[in-house]
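Data block below; observations after.
Computed from a predicted model, the values in this text were never measured in an experiment. Letters go in sequence order (proteins before strands), and every chain restarts at 1. Basis for what follows: all heavy atoms, side chains included, without hydrogens, waters or symmetry-related copies.
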Amino acid sequence: MSEAEVTREGLKGVRPGREARTFSGEGGRRRRDAPARDHPGSSYYGQPVINPPVWAELDIAGYLFAGGLAGSSSILAAGAELSGRPRLARRSKLGAGAALGVSLVALIHDLGRPGRFLNMLRVFKPTSPMNVGSWLLGAYGPLMAGAAASDVLGVAPRAGRVAAAGAGVLGAGVASYTAALIADTAVPAWHDGYRELPFLFAGSAAAAGSGLAMIAAPHAESTPARHMALLGAAAELGAEQLLERRLGIVAETLHEGTAGRRLKAAKALTVAGGLGAATIGRRGRLGAALSGACLLAGSALTRFGLFAAGMASAQDPRYTVQPQRERLAREADADSH
Amino acid sequence: MSSGADGSANGKASPAVSDSGDVLGVLLGGADPAGSAGWQEHPPRMGFFTDTSLCIGCKACEVACKEWNQVPEDGLNWTGHSHDNSERLGADTWRHVAFVEQRVKVGNHEPNFQRAPSAGGEGEDGFRWLMASDVCKHCTHAACLDVCPTGAIFRTEFGTVVVQADVCNGCGYCVPACPYGVLDKREEDGRIFKCTLCYDRLGVGQEPACAKACPTDSIQFGEVDELRERAAGRVEQLHEVGVVEARLYGHDPDDGVGGDGAFFLLLDEPEVYGLPPDPIVTTRDLPEMWKRVGIAAGGLLAGAAACFAGARR
Amino acid sequence: MTPSPGDWPLLRQLRGEDRMGRGAAARSRHTAGLTPRTAAADRVVKSVCPYCAVGCAQNLYVKDDRVVQIEGDPDAPHSRGRLCPKGSATLQLTTGEARERHVLYRPPHGADWERLDLQTAMDMVADKFVATRREGWEWERDGKRTRRCMSIAALGGATLDNEENYLIKKFLTSAGVIQIENQARVCHSSTVVGLGTSFGRGASSTLPGDLQNSDLIVLEGSNMAEAHPVAYQWVMEAKARGATVIHVDPHYSRTSALADMFVPLRAGTDIAFLGGIINHVLQTDSDFREYVLAYTNAPTIVREEFEDAGPDGIFSGFDPEKGKYDPSSWQYDGAFVAAAAGQRDLEGNVEGLADEGEGRDEAAAREQPKLDMTLEHPRCVWQILKRHYATYTPEMVERICGVPQDVFAEVCRLFVENSGRERTTAFVHGVGWTQHTIGSQYIRAASMLQLLLGNMGRPGGGVMAMRGHASIQGSSDIPTLFDTLPGYIPMPNAHRHEDLDEFVATTSARRGFWGNLRDYTVSLLKAWWGPAATSENDYCFGYVPRLTGSHSTYDTVMEQIKGTVKGYFLFGENPAVGSANTRMQRLGMSKLDWLVVRDFSLIESATWWKDGPEIETGEMRTEDIGTEVFFFPAAAHIEKEGTFTNTQRMLQWHHKGQDPCEEQRSDLWFMYHLGKRIRERLAGSHDEMDRPVLELTWDYPTEGEHEEPTAEAVLAEISGWNAEGEFLGGYTELKDDGSTSCGCWIYSGCYAEGVNQTARRKPAREQNWTGPEWAWAWPMNRRILYNRASADPEGRPWSERKALVWWDEEQGKWTGHDTPDFEADKPPSYRPSPDAAGPDAISGATPFIMQADGRGWLYAPSGVADGPMPTHYEPQDSPVRNRLHEHQRNPARQTYAHENNRYHPGPGEPGEGVYPFVVTTYRLTEHFTAGGMSRWTPYLSELQPEFFCEVSPELAAERGLEHAGWAMLVSARGVIEARVMVTDRMTPLRVDGRTIHQIGMPYHWGANGYSKGDSMNELSSMALDPSSHIQEVKALTVDIRPGRRPRGPARQELVREYRERAGITEMTGMAP
Ligand SMILES: Nc1nc2c(c(=O)[nH]1)N[C@H]1C(S)=C(S)[C@@H](COP(=O)(O)OP(=O)(O)OC[C@H]3O[C@@H](n4cnc5c(=O)[nH]c(N)nc54)[C@H](O)[C@@H]3O)O[C@H]1N2
Ligand SMILES: Nc1nc2c(c(=O)[nH]1)N[C@H]1C(S)=C(S)[C@@H](COP(=O)(O)OP(=O)(O)OC[C@H]3O[C@@H](n4cnc5c(=O)[nH]c(N)nc54)[C@H](O)[C@@H]3O)O[C@H]1N2
Ligand code: SF4
Ligand code: SF4
Ligand code: SF4
Ligand code: SF4
Ligand code: SF4
Ligand SMILES: [Mo]
């Protein structure tokens, strides 16, 4: 029965409609005792919970790879510069330049409004890896370009050397910040790997940069690159191992589908490249170049593989919901103890 | 600028917070989002309490939003998902009404509809039809805002989160950052769009278009503090009349996003409506990410140095 | 768009408080300067939503003389600023791309449209009108004077303003055109009969806003949350206060989802269901006895000749040859009462019955009905009811409706517990009840229950008829309908020697407010013919053309097919989608000489000649079709002013926000200027047939460059004035001596004191919940009808928690929250003298002042063509045998024998089972009716982009239907295809020991527009309710199978094959 009345004075006991007793069966039928039941594990028509990235694969995975290549090449260039390996230095600088060029083109190409690229420098936002990266590239790019220009044109050698050193230091950032870039999202395969991804990316970048050096530089000067290749390959493989363990069910996305195929191939190539660097790479340029090519391809496939894994993990609501459910269960568990 | 202490009020602290609490506080901002974003004298935080137990699934909110914001119509696509043909939030759907048909026995009450005995099976318990209007949550800690490299997304004086179409360069970063899948790119335009909580209208003291239209007050607009209180009362009221499955979602300032400016009353688990059960703003782990990026970069430099050093020998 | 250095947010960031660059610093200059267009507007114009009959108030925001935004008006008491998706899409509807801006012309046999200049087109139509009218003129039929034009017809009006309908009805009637119809026919005409005969007025007795005061709300035959979403807020309000809500419906809809209880029932069985409740109430004496005794005709004694519909299901007076009743045996004992609505002129409606004498008895009309207050007389209404419904047992309800007995018992319990002195129950119904071959009786059944339980005229009670279009109530009140004149004055039938006095005597009750019919009629004739109408010439009553039987829109279609009707106006109606059996509609139109379509876009009814289904199947070829088609783009509501009458009888004035574009014109403009042109062409004619046109008052002031007639002048004419030219305060001031003029007596007073009362907009918070000062409601601004019944016979509220109006002894008048629906100073103690007439004959203790006996009619001695009490018959097409009576179908229903309108075999007949499934149809929140206002509107189309049918998982399994796949549905009329929605919301029912599957279908689609699909009405048939001539589209049968329908000639081949299999002939389903 309504609790409200229409008296001679007017309405009494009025309640706003937003207090409607809906879903209560109120007044309708007998109550029956039954516990509330939820329906866990369900999804909304299989729709993803988060919106998958709108990034074009070639642009962004390509950017991740090229950025890493540029960064580690600059490191190699700086090392070579400082250790008196001029040809390694020059070719690494040129490699870095080309890679940076590619990565900038990819980045701008992926923008919905490429003309507004410079808006990246509108503010400085430590909370935005892409913004930080833009400032980083803003500093790194000129240094690197300066170093390369000075080298090729033979002008201002001292400044060139300082620039090369600077580019080398910043290059380390350029090579690894992209891990934060993709990890700082809600994409399960990326975010949940935020602890390992920086190492994976750094390793992969090292492998790529040294791979390029092994192809481009004369054998005599490429020894540090071969060492770095080994180190990089090892770091990449090791980090990936840890990542897979960390991800729980989300790791499925690393094993299945396009991502699985790419990552499998990447692993094989990286292993081959690493082994090659340690064996045939030592013996001659051809071996070095072959190993270097494997490493480059391996690094590229790793980035493309991780990109695909991220997309897959974003598209299936299970990968968003289940880990969150597990986390809640763990917290509830912890609370009750 | 808010104090670090505010930020670490974030309840479910991940291990990363313990050693970088202050940094995190700065990165996340406090419980007063507008204040933390540099609005010194600001109006009270405004938001929505969307009470899905009042929703009649009319989609007035969807249309009113489109009309007001001149959002393009985005194609005729019959999904067969009950009466939902807009599927999810996106660049051209800033309010989305979900429809969930369930053959279930729920709560401590009789279902309003018992399917015929001949229907058989599990279904004899009853049936219910849930409808819920989803929208941008205007998070206290908004990942989209945090990651936006251009400052296109900003925090308004009302504590809401708004994309500025004149700034956005379409980098797309905010899209996967949002833990609720709210924003998306309008392909033919290149930019990102989402609910503005009618920033323009709020500026002149007008109610958002969707809330104004809503025939049953399922969408309630107001000061977040007041709405939170009202919501708590509403849950209690529903529990009293036997709707024990009623629960709030996004109201808790201690949750992974510091509480939503637009929160909900749901009648089932969030994922049933396509919502994440325990969203966390990715920024919460950002200090740790930066730290690890730093270590990795340092390691890279050190490793390279070692390689050169080794090679010299 | 790189920011200039001075504007660089980074600098602001470094300088200021927003060090993380996420707030104040990041805001762009553009963002800071945002002004909403609601604030930037030059002016705000008050308007009304053009879609449905809730009539939500809108604010138009106008900038530079264009409407830039449309929102709800928060001040409105009924809508409180809210709008449903359609109301919210009004801006796109009116200012979007989809509207045509130019006149289009299709010459006879032409392959495509051509452009035509507006003035030329108007001249052409005027010429054709004059010529066609002359050809089709008829002075007499069967020796009776008819004075009419049978060759022209018009359809549409529910989307138009009252002023527009008024001009259409006025002009066309003067020209002798009688076949004038609008959506009110196909929509709620049976509500008018049902409520009108029961209570005295054929309109909703209450307003949605009063549902907040209900203890129980029963939604039956209404999908309120979807069809009237903004009104549904009042149901929620009631729920907040503890009311219970029941939804009884074949399909689980958004309305059901929010109800406390959903009762699925088989479509077309509500009379059995309601009859079951009536039986429960009667058997358990659960009625509100004091109310029943004092306010209903329960104690009235009926003529001895009356025979109840027993096992055979036929009342006395049935003529099986004609398939019609002579209702004279149903009359009260010794007294004759005419109904307040429905079939009122007995002689005219029952063709062939004796012209004089039998239908009515002048002497008897003077007698008072005899009452037995003990309710024991075997012929008193109470006992008759008891006997009639005794077989409507819970078992029978279960067998017929498929409602389990325990569920039914629960409904009965809730009903009884929530009615009576302290509590009130409201019925909410819609077209789920009206559109049946016995639709009027559905409404009667609910009315009876409300009378028995004492729910009429009280707060939270009543029968809330949820009507359709923005002004469909208005297009019933100022009817572009064949059978009434403004204010429900019946159109005169053709009789020998009929004059005004005889008309008044044969069609109205002597007692009650219909006793003043002569005042109303003479004032109307004065409004139309002005000085030409004099007492000497019977006020030109002879100018009004005469009816001979039914001329409903479906009869018009038959006349088109026969070739009688040559010219046709569509004033905003889309019969090629919305009317039953759309094929017949197109066939009819293909036989026309000319067709005028006035609409926003090229609806299916405008383009069938080049892309209709018959063109696709090859049955018709464009070049063979001789119909000349004119398309005139209509102005929208924001481009004109006038009144809409909403579902609560409220006339709301909408102001103009902008000018129409190009050749878009209002219907007011069209009718006025067409009329002027026709009058010019007839000027100087001395032909008697032209006199009504030439003497018509047709001189309205105009304004603007388009010479738009002033709508307010038309409204003033409708409201009326006296001989001194003073505006009337209400219909009680009308006279029958020619001194008053009033275009619609029930609207009299809407322009009282020269003030447009319909434009009043006092904010809700400044008045009570009935909103007396928001706009104006007929009659006399009463918001809840029969509110005298909220008080007991002595004038005290039945309950102090349900007080509405009461007698104030001190002041000597009725007072309360609403305008009393009673003579304000007539005391409860008043008793009429035996030969009092008119209002004076109504006692101070009987609240139904339009009724001849002042009482609510549990039993209808006249007015309803198929019996004085609702009786269950199966729908025309039904898979189930009638278990209550031998007669399967309503014996008096109207059927049409035509090759393209075949009916299905009934149960037990050969061919049964070929169309085994029940179909019902309904609305979706997102679309509007035949789609003209939603399928062209992208924001609405995208929300429901395709035509679908809803089936239960059980039926899907049985027929191999796949969710989201395609199905084809076949009837004897056609085959269509739809996407398949398999849903638990549809449930099979156990009916009479077997499983009955129902299929649900929204009916909004057609081949044109943005969202396209087959039209549901390709399947339906023309089979009508005899009292109201409404079609049965809520219950039919089909076969369903997976896959898409055949294309080309194979389409009709399939229909033919089914028909052969079912052995269908012209006799199938035709038996009375
Ligand atoms: N969104 C929207 N609103 C509208 C309209 C629209 O097209 N779209 N149209 C307007 C118009 S013109 C009108 S007339 C009104 C109509 O408004 P409603 O009367 O609510 O219209 P429907 O949905 O056609 O039918 C009402 C309900 O009747 C049920 N029904 C069908 N057959 C039966 C039966 O035999 N018995 C019972 N008890 N129920 C039955 C249907 O399943 C449906 O749920 O809406 C108006 N408002
Ligand atoms: N199967 C089935 N059939 C049904 C029903 C059902 O429930 N089931 N319901 C029935 C009911 S209740 C109704 S009311 C009918 C409705 O059927 P229709 O009335 O044929 O459908 P609408 O699409 O509303 O047509 C109205 C037209 O008027 C136009 N219009 C709007 N405003 C104006 C104006 O100001 N001037 C002019 N000139 N035109 C204007 C619109 O664009 C639209 O094309 O359908 C009936 N048919
Ligand atoms: S819900 Fe997503 S888009 Fe909205 S504020 Fe939060 S993070 Fe940003
Ligand atoms: S797409 Fe636009 S709004 Fe989103 S992060 Fe990039 S610039 Fe910011
Ligand atoms: S607040 Fe404004 S922008 Fe956001 S959903 Fe509502 S109407 Fe759209
Ligand atoms: S407007 Fe309100 S009732 Fe309608 S769908 Fe949106 S939230 Fe639900
Ligand atoms: S369509 Fe009806 S309910 Fe919807 S806004 Fe218009 S008048 Fe109101
Ligand atoms: Mo209607």
Side-chain angles (χ1 to χ4, degrees), chain B residues 1 26-27 29 34 36-40 54 56-60 62-64 66-68 73-78 80 82-83 85-86 101 103 112-113 115-119 123 127-129 131 145-146 151 154-156 162 164 166-167 199-201 203-204 206 209 212-217, chain C residues 1 9 16-19 21-28 30-31 34 36 38-39 71-72 81-85 88-89 91-92 225 229-230 232-233 236 252 254 256-262 925-926 938-939 941-946 954 963-964 979 981 983-985 987-990 995 1011:
Chain B
M1 178 79 54
V26 173
L27 282 189
S36 323
W39 301 100
Q40 299 226 279
L54 299 173
I56 54 170
C58 72
K59 309 179 192 168
E62 288 196 28
V63 177
K66 287 211 163 190
E67 280 283 14
W68 175 249
E73 177 272 323
D74 56 340
L76 303 184
N77 174 28
W78 189 79
S82 195
H83 279 345
N85 292 303
S86 24
E101 300 185 10
R103 210 191 257 199
N112 73 342
F113 167 33
R115 293 190 91 246
S118 67
F127 172 86
R128 67 174 179 172
W129 199 7
M131 295 151 211
L145 196 177
D146 289 345
F154 82 116
R155 175 83 57 188
T156 72
V162 173
Q164 308 178 86
D166 60 321
V167 178
Y199 182 54
D200 44 356
R201 298 170 66 100
V204 295
Q206 291 174 354
K212 182 174 180 188
C214 179
T216 56
D217 251 356
Chain C
M1 265 208 226
E17 294 295 316
D18 178 22
R19 270 195 264 148
R22 283 187 303 207
R27 186 167 72 167
S28 75
H30 170 262
T31 306
L34 285 177
T38 38
E71 287 180 16
R82 304 166 193 191
L83 294 176
C84 82
S88 297
L91 184 68
Q92 192 176 55
V230 177
Y232 202 73
Q233 66 180 289
M236 301 294 270
Y252 189 99
R254 284 173 263 201
S256 332
L258 275 290
D260 294 297
M261 188 177 177
F262 171 67
T925 321
E926 301 88 341
Y939 285 164
S941 294
E942 66 177 329
L943 299 177
Q944 291 287 7
E946 278 191 65
E954 293 82 358
H963 179 66
R979 299 296 292 273
M981 172 89 78
T983 169
D984 281 338
R985 293 181 290 104
T987 178
L989 298 173
R990 289 300 290 174
T995 297
S1011 164

Heavy-atom contact with chain B under 4.5 Å, split by part of C/H963: side chain

Under 4.5 Å heavy-atom distance to chain C, tell me which part of B/T156 shows up: side chain, backbone, both or neither. neither

Using the side chain to side chain contact (heavy atoms under 4.5 Å, CB included) rule, take B/Q206 and C/E71 through it: C-alpha gap first, then chi angles, then the decisive distance, then the call. CA-CA 12 Å; B/Q206 291 174 354; C/E71 287 180 16; 5.7 Å; no

Holding to salt bridge (charged side-chain N to carboxylate O under 4.0 Å, His left out), I want the full list of residues that pass it with C/R22, two or more places apart in sequence or in another chain. B/D146

For B/E67, which atoms come within 4.5 Å of any heavy atom of chain C: side chain, backbone, both, or neither? both

So which residue, C/A26, C/G16, C/A25, C/P36, ends up with the most heavy-atom pairs under 4.5 Å with chain B? C/P36

Please check this pair: side chain of B/D166 against backbone of C/T31, looking for a donor-acceptor N/O pair closer than 3.5 Å. no

Max heavy-atom pairs within cutoff under 4.5 Å with chain C, candidates B/N77, B/D200, B/V204, B/L76, goes to B/L76

Residues which pass ring pair (Phe, Tyr, Trp, His ring centres under 6.0 Å) with C/Y252, listed by chain and number, not counting sequence neighbours: B/F113, B/F127, C/F262

Between C/E926 and C/R254, does any NZ, NE, NH1 or NH2 come within less than 4.0 Å of an OD or OE carboxylate oxygen? yes

B/C58 versus chain C, heavy atoms under 4.5 Å apart: side chain, backbone, both or neither? both

Pick one of side chain, backbone, both or neither for C/T925, based on which atoms fall under 4.5 Å of a heavy atom in chain B. side chain

Looking at side-chain heavy atoms only, is the closest gap between B/Q164 and C/H30 below 4.5 Å? no

Top contributor to chain C contacts, counting heavy-atom pairs under 4.5 Å, from B/S82, B/A34, B/A209: B/S82

